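See structure below.
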Protein chains: 4
Amino acid sequence: MAGSVNKVILIGNVGADPEIRRTQDGRPIANLRIATSETWRDRNSGERREKTEWHTVVVFNEGLCKVVEQYVKKGAKLYIEGQLQTRKWQDQNGNDRYSTEVVLQGFNSTLTMLDGRGEGGGASAGGGRGSSNDFGGGGNYGDDYGAPAQPSGRSSGGGGNFSRDLDDDIPF
Amino acid sequence: MAGSVNKVILIGNVGADPEIRRTQDGRPIANLRIATSETWRDRNSGERREKTEWHTVVVFNEGLCKVVEQYVKKGAKLYIEGQLQTRKWQDQNGNDRYSTEVVLQGFNSTLTMLDGRGEGGGASAGGGRGSSNDFGGGGNYGDDYGAPAQPSGRSSGGGGNFSRDLDDDIPF
Amino acid sequence: MAGSVNKVILIGNVGADPEIRRTQDGRPIANLRIATSETWRDRNSGERREKTEWHTVVVFNEGLCKVVEQYVKKGAKLYIEGQLQTRKWQDQNGNDRYSTEVVLQGFNSTLTMLDGRGEGGGASAGGGRGSSNDFGGGGNYGDDYGAPAQPSGRSSGGGGNFSRDLDDDIPF
Amino acid sequence: MAGSVNKVILIGNVGADPEIRRTQDGRPIANLRIATSETWRDRNSGERREKTEWHTVVVFNEGLCKVVEQYVKKGAKLYIEGQLQTRKWQDQNGNDRYSTEVVLQGFNSTLTMLDGRGEGGGASAGGGRGSSNDFGGGGNYGDDYGAPAQPSGRSSGGGGNFSRDLDDDIPF
DNA sequence: TTTT
DNA sequence: TTTT
């Protein structure tokens, strides 16, 4: 469809240390659970109330996976920009089930660490691909094909085909 | 949780005429299905490929429900700003199921019509509250409590007019 | 114009303690300077480079001004959601000058503190309107007319409690 | 600075046919003026009011420049995702002046056509670089280094260094 | 200078 | 399962 946009922006905390898995051809995939929550005061009782929402985030982007692997731990506060994607899968009874995830893949995805935790080294989001950008720990991690928007010194993406052929391996 | 953000931005087309339902106390709730899609050329085969993603959007906001009721039809192109929310429910076998929806509710939700279709009347998004803003059909529909951000003639929550007549007092 | 969107999202640090000023009729206006920056490695020299961008943020929203006044200090990390606005003014020689600012005003503006600093009390963003929501310090501060998007205990603009007790009625 | 975000999202109409200029080494730069506007009903007078905001958008991204060159005309409705950037320049009297622009450059920039105008051909956003994606007219144009987020068939960016050494050539 |  |  011409002219469509599918964007999710989250700021929240990671509920558990991320799981990193690998495809058959060696590409990493990171799974995160991120909590966002809202607090308000009930207009009748005056009590403070809170509601927490849990989001499943799946990182296909190689550079961002490295960042996740190296720096993201349980409790980390993250800024995430990705897309909504609903996967269809079958449960053990053969019934269709659907899981909706926030997917970080491709050029418009971002993951940024918002607290100091896990920093220190030389995180490389675009990393390992020769001319890639080397973002500092806790920086703004562009995706594998990405280059930061800035006046000079842009890197180009690496090659390689990508196949998300393991959808069914990642139940909700 | 302090400092969390949960935001979804979609631009897409409505797959069917919206359903409007009502709560026991008469509030409207609109359900929409919105499609976003991406087109790309396969880097191996060179074929053009497309992937469509369907999103369930639930509008709790009364003003936005009115807009949906009056103007949104199958095929309409919309800009949506809402939140991710996952509901737990039981299927007929008593098994837990989860559905993730884009919810439009509260102050940070928006629904804007991006094509001319369905316009014409005097849609009132803030409607029914006396001093509310009356957005024209196809305009930018704030929520029930919303006021457009602009320099003059702004309405405040409880009353009183606002005039940003001091623009010149705030040099760069 | 039908169907337009004007949105700025910033995460950055406050460069100096905010200035709060008041209009003749007593409304507060807060001015903030926020820095965002990007780091990358120059693809030729291999050097690490950084570019910092400074943004002027003007908060017209009363509730958010209170938050700024009470909690935001130099160095604070903020999430800001506002609109771009360009003001015309005259310099001392009578020449037209333009300044572009990120304006927080009206229903679609947000300011959220992303670090623990300056928190503690009972910041009230929706404040001063009786039934308003009372967000805790460091919470997600809706605007003056705002209510958090959540299933129950929502306040509506003019009155009446809201209960999304029909969750189960809206299967996927 | 670790963990910063600088993002502008606009939906608006193009005020005039875009200007495309070229750097000394042949790279295109497109300048657009985009209008967003808001309509509301004055809460005192009941009159309908409107305020239009004009934005200067500068496209450094080669792929997006091609799209602009081929498809974007006066009146077109666009979705833009870019960054805020303030340039310093000197006026004819040698005084410092500042212009703030929405810059489309690097991995997190997008330009999408929201109306049917100008469509038809085989717009190529990533185009002309071998393995690039070929988005259809009116599609979602990723940037030069970008690939659409989708399960398979991703393309990588081309090479080449980029230098925005012509800042001063683009006064407001 | 756009658009409705 | 996070965080305040």
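Each chain gets a letter, A, B and so on, in the order the sequences are listed, and its residues count up from 1. Everything numeric in this text was worked out from a predicted model, so none of it was measured. FYI, side chains are in, hydrogens and waters are out, and symmetry mates aren't considered; it's all heavy atoms of this structure.
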### Point-to-point distance, once rounded to the nearest 0.5 Å, from CG of Asn108(B) to CG of Asn108(C)
5.0 Å
[N] [atom2] sits how many Å from [X] [atom1], rounded?
{"X": "Leu32(D)", "N": "dT3(E)", "atom1": "CG", "atom2": "P", "result": "14 Å"}
{"X": "Leu78(D)", "N": "dT1(E)", "atom1": "CG", "atom2": "P", "result": "19 Å"}
{"X": "Lys77(B)", "N": "dT3(E)", "atom1": "NZ", "atom2": "P", "result": "18 Å"}
{"X": "Glu53(A)", "N": "dT2(F)", "atom1": "CD", "atom2": "P", "result": "16 Å"}
{"X": "Glu38(A)", "N": "dT3(F)", "atom1": "CD", "atom2": "C1'", "result": "14 Å"}
{"X": "Leu114(D)", "N": "dT3(E)", "atom1": "CG", "atom2": "P", "result": "15 Å"}
{"X": "Ile34(A)", "N": "dT3(F)", "atom1": "CD1", "atom2": "P", "result": "13 Å"}
{"X": "Asn6(B)", "N": "dT3(F)", "atom1": "CG", "atom2": "C1'", "result": "15 Å"}

For the side chain of [X], counting heavy atoms from C-beta on, which of [options] is nearest?
{"X": "Asn13(D)", "options": "dT3(E), dT1(E), dT2(F)", "value": "dT3(E)"}
{"X": "Lys74(D)", "options": "dT1(F), dT1(E), dT3(F)", "value": "dT1(E)"}
{"X": "Arg33(D)", "options": "dT3(E), dT3(F), dT1(E)", "value": "dT1(E)"}

### Within-4.5 Å side-chain heavy-atom neighbours: Thr100(C) and Thr86(D)
no
#### Entry: pi-stack flag for Trp54(A) and dT1(F), centroid dist under 5.5 Å, interplanar under 30°
yes
### Task
Would you kindly check whether a donor in the side chain of Thr52(D) faces an acceptor in the base of dT3(E), or vice versa, at under 3.5 angstrom?
no
### Query
Side-chain donor or acceptor of Thr36(A) under 3.5 Å from a matching atom on the base of dT2(F)?
no
### Query
Can any side-chain N or O of Ser4(B) pair as donor or acceptor with the backbone N or O of Ser37(A) at less than 3.5 Å?
yes
### Query
Any side-chain donor paired with an acceptor under 3.5 Å for Asn95(C) and Gln90(C)?
no
### Task
Say whether Thr56(D) and Arg33(D), considering side chains only, have a donor N or O and an acceptor N or O under 3.5 Å apart.
yes
